Amino acid sequence: MATLLIFSFLAGFITILAPCIWPLLPIVFSASSGGGKRKSLGITLGVMTSFTIFTLFISYIVKIFPINPNDLRLVATIIIGLLGLSLLIPLLGARFEVFINNILGPLQSKFKKEGTGFGAGLVTGFSLGLVWAPCAGPILATIATLSATQSVNAKVVAVTLAYVLGLGIPLYIFSSFSAKLFKKMRTVNKYTGVIQQIFGAIMIVTAILIYTNYAAVLQARVLNLFPGYSRFLGQFENNSHLQTELDNLAGRKAQTIAEDSQMLLSDGGPAPELMGISHWINTSPLSIAALKGKVVLVDFWTYSCINCVRTLPHLTTWYERYKDDGLVIIGVHTPEFAFERETQNVENAIKQFNITYPVAQDNDYKTWQNYQNHYWPAEYLIDAKSHLRRTHFGEGGYDHMEGAIRALLKENGHEVTGALSEVHAQVAMHGISPETYVGLNRRSRVVPYSNDIPLHHFAYEGSWDMEPQFAKSGQGAALDFKFKASRVFLVVGPANVGDKVKVFIDGQPMPDIVLDTQRLYNVVDFKGAVQTHTLRLEFPNIGTSVYAFTFG
């Protein structure tokens with residue numbers, strides 16, 4: 001249990017780096033501009049309190065009281081909008097803060113300090129906790145499942161509090177820094193009032209974007225410029241020891257269906273059935289049994305999950321291309337948060353993302369539990385005999401999954417021809433090189449070493465120790481990659497701090513990359529100009545771990 005608490009704390013702490021926190025930061029920055037440390041404390045405590053309450057107990061609350069969680073989000077958005085309006089109109093802001101302070105008098109007295117705005121900060125933070133949708137790794141997915149199925153106990157509360165505490169520390173630091181920065185600006189800039197009004201407008205617009213889910217769309221578009229970033233952060237929670245701890249917390253057996261990246265057509269036995277679906281969209285009710293004779297791809301998703309949003313272009317393309325050959329895609333929408341239970345919200349998202357395949361609302365987590373699922377997104381590929389043949393968790397692996405779909409369609413008597421779909425959400429506009437893995441299990445576009453490497457392909461040179469998730473450099477190790485992009489990134493880790501990677505573009509030397517830790521490194525930047533070049537990376541140090549290329 002101690003290990004799980006530590007992982008939960010660290011997962012919360014690094015959330016400040018994750019894309020899901022980005023919509024919160026403009027509001028926190030804006031709200032912090034008119035106060036000091038006490039207001040920052042109020043914002044932080046408000047976020048921590050409301051997130052904890054509504055993550056753990058909303059299913060209990062709505063069962064006792066006739067409350068619509070979406071209405072709570074609307075109220076929270078209105079409050080944030082009013083706080084933004086108070087920055088736009090200083091007189092209104094002063095009256096609003098007096099009103100809040102009077103309501104929160106007993107609590108305010110414990111943090112008594114004139115002009116600190118603890119009460120207004122608390123209201124802002126509490127409202128943010130209602131509208132924020134954090135990135136859900138295995139830890140939050142387990143918490144959400146137990147909450148939705150009303151299985152909260154002391155251990156679940158402890159894990160949630162550890163996560164929230166980890167989140168609160170960097171959030172408070174960010175808010176305090178924002179307040180100090182604005183205070184310094186006030187002493188040197190006569191236009192501080194105008195700047196504060198701009199912050200108010202940003203606060204209002206951001207709150208609306210969060211409520212309407214357009215914040216998630218914008219996040220996905222920004223991440224398209226840095227396609228490996230969110231997955232790199234998510235790797236923290238992807239380890240077998242943590243999964244065992246989460247299985248024990250949830251009282252479930254260890255997951256028996258493993259992700260199969262290399263063997264595309266292994267047989268996992270009869271596929272689990274779809275259970276407890278509260279509503280069907282784009283179709284009448286379906287079942288795995290009734291779909292026997294079809295190839296079925298079951299995709300677990302939720303519309304506020306950034307990683308899910310980034311997989312949708314691939315799913316919609318596969319469905320349109322292969323539905324006439326017998327492919328059925330079922331998007332099992334299992335909500336991470338209570339507001340995602342609303343059918344109207346899901347229908348709006350379906351229109352937003354141009355989804356035409358069937359979508360099942362799994363509001364009670366019945367299908368999620370029947371599949372022993374732990375992730376958003378997660379894909380389960382089922383053959384025409386209703387046997388599970390392949391699974392994949394998270395983003396990526398699109399070529400492998402489409403290859404498996406085509407193989408099962410051919411196995412079922414359908415002749416599928418042509419190349420794999422060229423759908424890469426991060427490269428759809430410019431045709432730039434797609435994210436490419438170097439490890440044994442997920443490598444793609446590898447060609448024999450030569451002087452003429454095809455576009456978007458790479459070649460190994462020298463000695464390499466191949467691992468499932470990465471390749472480790474040996475004597476004379478080098479990689480050549482012919483790419484088309486404006487920016488090139490590399491996920492890589494050193495054997496020792498200070499190890500280097502030598503970089504060449506079209507044979508011309510570029511600045512070396514000096515490695516400090518395992519992370520995403522910027523290899524080259526053409527300042528927005530998409531160009532085609534041959535990249536050569538030489539690894540003079542033995543034991544450098546190379547994971548993936550990403551492009552922007």
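In what follows, every heavy atom counts, from backbone to side chain, and hydrogens, waters and symmetry copies are set aside. Computed from a predicted structure; not experimentally measured.
- Residues forming a side-chain hydrogen bond (donor to acceptor under 3.5 Å, both in side chains) with Thr343 (at least two apart in sequence, or on another chain): Gln361.
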Verdict with reasoning, Phe481 to Phe549, per ring pair (Phe, Tyr, Trp, His ring centres under 6.0 Å): CA-CA 9 Å; Phe481 198 125; Phe549 291 95; 4.9 Å; yes
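- Judged as a ring-ring contact (aromatic ring centres under 6.0 Å, His included), and not counting sequence neighbours, the contacts of Phe526 are His533.
- Scanning for salt bridge (charged side-chain N to carboxylate O under 4.0 Å, His left out) contacts around Asp465 gives an empty result, with sequence neighbours left out.
- Partners of Asp383 according to the salt bridge (charged side-chain N to carboxylate O under 4.0 Å, His left out) rule, which considers only residues two or more places apart in sequence or in another chain, are Arg389.
- For the side chain to side chain contact (heavy atoms under 4.5 Å, CB included) test, residues two or more places apart in sequence or in another chain that qualify with Gln344 are Glu347, Asn348.
- Thr334 is linked by a side-chain hydrogen bond (donor to acceptor under 3.5 Å, both in side chains) to Asp362, counting only residues two or more places apart in sequence or in another chain.
- The side-chain hydrogen bond (donor to acceptor under 3.5 Å, both in side chains) search around Tyr357 returns none, not counting sequence neighbours.
- In this structure, a donor-acceptor pair under 3.5 Å is present between the side chains of Tyr380 and Asn373.
- A search for side chain to side chain contact (heavy atoms under 4.5 Å, CB included) contacts involving Ala478 returns Glu461, Arg536, Glu538, not counting sequence neighbours.
- With hydrogens and angles left out, the side-chain atoms of Thr391 and Glu379 include no donor and acceptor closer than 3.5 Å.
- For Lys502, the salt bridge (charged side-chain N to carboxylate O under 4.0 Å, His left out) partners two or more places apart in sequence, or in a different chain, are Asp512.
- Under the side chain to side chain contact (heavy atoms under 4.5 Å, CB included) criterion, Ile208 pairs with Ile204, Thr212, not counting sequence neighbours.
- In this structure Ala477 satisfies the side chain to side chain contact (heavy atoms under 4.5 Å, CB included) test together with Trp464, Ser473, Phe539, sequence neighbours excluded.
- Listed by chain and residue number, nothing satisfies the side-chain hydrogen bond (donor to acceptor under 3.5 Å, both in side chains) test with Ser463 (two or more places apart in sequence, or in another chain).
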